[in-house]
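These notes are about the structure you will find just below.
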Amino acid sequence: MAIPPAATSALRIPGYRTFLITFMLAMMADNIEHVISYWVAFQKFHSAALGGFAVVSHWLPFLMFSVPVGALNDRFDSRRLIQAGMVLFITASAGWGYFFVTDSLQLWHAMVLLTLHGCAGVLWGTSSQMLLYDIVGTASLASAVRLNATARYLGVLVGPGVGSIIMRTLGPTRGIFVNTLFYLPLVLWLVGAPHGRHFRGARTGPKLAVRGFADIVQTVRDVRGMPVVAPMVLLAGAASFFIGNSYQAQMPGFAHELGHGDPGLAYTLLLGADAAGALLAGILLETRGTWLPTTAASALKIAFLWGCSLFMFSFMRWYPAAIGVLFLAGFLELSFSSMTQAIVQLNAPDTIRGRVLGLFSMSASGLRAFSGVTVGLLGSVTNIHLSLGLSAVAFVVVAGLLLLRQSQPDAQAPSSPPV
C-alpha cells in the first residue's frame, strides 16, 4: 500500500513534536544505563557470560511478550502502558544505583535488573507504536515512523557519549541516579496528552480479551490472511534472525582484521559509518521522500540490496571501501525497516492493531536473540567473515523469494484499507 499523495511531515503536528523529543530523551537514557551498568558489572565480575546474558535478556522479552503487550494496547490506554514501561526503566536504574551505593551487587542482582530493563523495553516499544498512529494519523504515519527510527539511531549515537561524560564527571553511582531524570519528561507529558484510543472519535469495535500466549497463535493466523502485512512481518523477522545487529558486536574483529591504523579508531569509524548512513536516509526520506514510495515492493527491493551490501562488507579487505559499504548498509537498513513498519501500521485492522504491531515487534526485535548464534557462534566455529557472509546470503534468499512472490499477478491485488 502506498502512502497517499497528501502525506505530510509528522513534524507539523505539535503533539508528535513533543512525543519525538521525549522519545529521544528516553532512548538516550536507555543507552546511558547500558554504558554505566555494563561498565560497572564488567569491572566487578569480568564475566563474558553476563555480557551474553545482557544481549539475551534485552531481546528475549520482545520474543515472548510483544504480542501479549499488543493485546493489552487493544484493550487499555497506551499512554499508561508506556508510563509503566518508563517506571520499570527508572526502577532498573535506581536498582543499579542502590547496589552501587551499598557495594552489594551480586551476579543474580545484575541478571534481574537486566531482565527488568528488557521487559520495560517491550512495554515502551510496542505501546509507543500504537500511540504513534493515534497521534499522527494515516497521512503522516510513514513520516513519524521514519523520524522515530532516526531518533533511535541518534539515541544509540548520543547515548553512549553522554553516558561516558556523565560517568567521568559524576561517577557511575551519581550518574545512574541522574539518568532516571531523562525518563520523566515522557512520563509527565503522557499524564494528560490528548492522544490514544479514547480520543480517536471513532468506534474501535469490541475490546477483545487478553489471552496471553494464545494471542500469538491467533494473531499469526490473522496476519497470514493479510497479503501486504504478512511479507513485511516475514521480512523483518528474517533480518532480525539472520543478521539483526550482531555484526555490530563483531565490529572490533572486523576493524582489527582490516588493519588500518589504530584499531580503536577504526572500530569507531566503522560503527559511525553505519549510523551516519542511517541518519542521512532519515533526513533525505523526510525532506525528499516522494522519490521513494512506501510500498511492499520498495521495501523488499531495498532489503535485498541491504543484504547484498552486508555480504560485500563481510569480505572487504580495503578499509576505505568498507567504510563506504557500511555507510550504504546503514542508509538501506533505515529505509526498509521504517518502510516495513509503516506498511504494517497502515494495513493493520484497527480492532487488532495492537496485536499485529506486537507480532511485528516480536519478529523485528525478538528474533534478534538468535542472531548472535547465526553470526556470533558460527563465527567462532569458522570466522566472522564467513559467518556474516552466509547470514547475509540466507537473508538475501528470503528477501528474493518474497520479492518474487510479490511480483506475481495474484499478489498485485490491492490490500484492504485499514479499518
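The basis for the numbers below is simple: all heavy atoms, side chains too, and nothing from hydrogens, waters or symmetry mates. Note that the numbering runs from 1 along the sequence shown for the chain.
When all heavy atoms of S9 and S143 are compared, the closest pair comes out as CA-OG, 3.5 Å. Of all heavy-atom pairs spanning A120 and G85, the tightest one is CB-O, 3.5 Å. The heavy-atom pair separating A94 from T180 by the smallest distance is N-CG2, 4.1 Å. Heavy atoms only, all atoms of each residue included: M362 and V67 are closest at SD-CG2, 4.3 Å. Nearest heavy-atom pair, G389 versus F311, reported as atom, atom and distance to 0.1 Å: O-CD1, 3.5 Å. Between A193 and R79, the shortest heavy-atom distance links the atoms O-NH1, 2.6 Å.
The side chain to side chain donor-acceptor pair (under 3.5 Å) test applied to S309 returns no partner, not counting sequence neighbours. Residues satisfying the side chain to side chain contact (heavy atoms under 4.5 Å, CB included) test with R221, not counting sequence neighbours, are V217, Q218. Every residue was checked against the ring pair (Phe, Tyr, Trp, His ring centres under 6.0 Å) condition with F182, not counting sequence neighbours, and none meets it. L181 pairs by the side chain to side chain contact (heavy atoms under 4.5 Å, CB included) definition with L184, not counting sequence neighbours. Every residue two or more places apart in sequence or in another chain that forms a side chain to side chain contact (heavy atoms under 4.5 Å, CB included) with M312 is listed here: M316, V325. For I302, the side chain to side chain contact (heavy atoms under 4.5 Å, CB included) partners are L292, L332, S335, F336, M339, not counting sequence neighbours. Checked against side chain to side chain donor-acceptor pair (under 3.5 Å), T340 has no partners two or more places apart in sequence or in another chain. Residues meeting the side chain to side chain donor-acceptor pair (under 3.5 Å) test with Q341, sequence neighbours left out: Q129. Partners of F99 under the ring pair (Phe, Tyr, Trp, His ring centres under 6.0 Å) rule, at least two apart in sequence or in another chain, are H109. Annotation: ring pair (Phe, Tyr, Trp, His ring centres under 6.0 Å) contacts of H58 (sequence neighbours excluded): H34. T169 meets the side chain to side chain donor-acceptor pair (under 3.5 Å) test with no other residue; sequence neighbours excluded.
Two residues are said to be in side-chain contact when any heavy atoms from C-beta on lie closer than 4.5 Å; L300 and M232 meet this criterion. Looking at heavy atoms from C-beta onward, V187 lies out of side-chain contact with V87 at the 4.5 angstrom threshold. The side-chain heavy atoms of M226 and P349, taken from C-beta on, include a pair separated by under 4.5 Å. At least one side-chain heavy atom of F327 sits under 4.5 Å from a side-chain heavy atom of L280. Annotation: side chain of L186 is in contact with side chain of I82 (closest heavy-atom distance under 4.5 Å). No side-chain heavy atom of I352 sits less than 4.5 Å from a side-chain heavy atom of T219. In this structure, F89 and H117 have side chains that are in contact, with non-hydrogen atoms separated by less than 4.5 Å. With contacts defined as side-chain heavy-atom distances shorter than 4.5 Å, the pair L310/F395 does not qualify.
Taken from CG in L116 to CH2 in W96, the straight-line distance is 10.5 Å, to the nearest 0.5 Å. I166 contributes atom CD1, which lies 13.5 Å from atom CZ of R174 (distance to the nearest 0.5 angstrom). Note: D274 CG to F313 CZ = 9.0 Å, rounded to the nearest 0.5 Å. Here F177 contributes atom CZ and L170 contributes atom CG; the two are 12.5 Å apart, rounded to the nearest 0.5 Å. The structure places CG of L72 at 12.0 Å from CG of D77, a figure rounded to the nearest 0.5 Å. Of the inter-residue distances, the one linking S361 atom OG with F65 atom CZ reads 13.0 Å to the nearest 0.5 angstrom.
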(message) Evaluate L235 against V398 for side chain to side chain contact (heavy atoms under 4.5 Å, CB included), listing each step before the verdict.
(response) CA-CA 7 Å; L235 181 69; V398 173; 5.7 Å; no

(request) Report the C-alpha separation of L190 and L131 in whole Å, then their side-chain angles, then the decisive distance to 0.1 Å, and conclude whether the side chain to side chain contact (heavy atoms under 4.5 Å, CB included) test is met. (result) CA-CA 11 Å; L190 288 173; L131 185 64; 3.8 Å; yes

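Counting heavy atoms of neighbouring residues, nucleotides and ligands inside a 6.0 Å radius, atom CZ of R224 does not exceed 12 of them. No more than 12 heavy-atom neighbours from other residues, nucleotides or ligands sit within 6.0 angstrom of OH on Y98. Within a 6.0 Å sphere centred on NZ of K44, heavy atoms belonging to other residues, nucleotides or ligands number more than 12.
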Kindly list each side-chain donor-acceptor pair under 3.5 angstrom involving residues 15-29, sequence neighbours excluded, with atom names and distances?
from	atom 1	to	atom 2	distance (Å)
Y16	OH	A144	O	3.1
Y16	OH	N148	OD1	2.7
R17	NH1	L11	O	2.7
T18	OG1	P14	O	3.4
T22	OG1	T18	O	3.0
T22	OG1	F19	O	2.9

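Counting only distance, with no hydrogens or angles, the side chain of S240 and the backbone of A236 share no donor-acceptor pair below 3.5 Å. At distances below 3.5 Å, not a single donor-acceptor pair connects side-chain atoms of S363 with backbone N or O atoms of L359.
For the 3.5 Å distance criterion, the side chains of T295 and S298 qualify, holding a donor opposite an acceptor.
Both the sub-6.0 Å distance and the 45° axial angle are satisfied by R353 relative to the ring of Y133.
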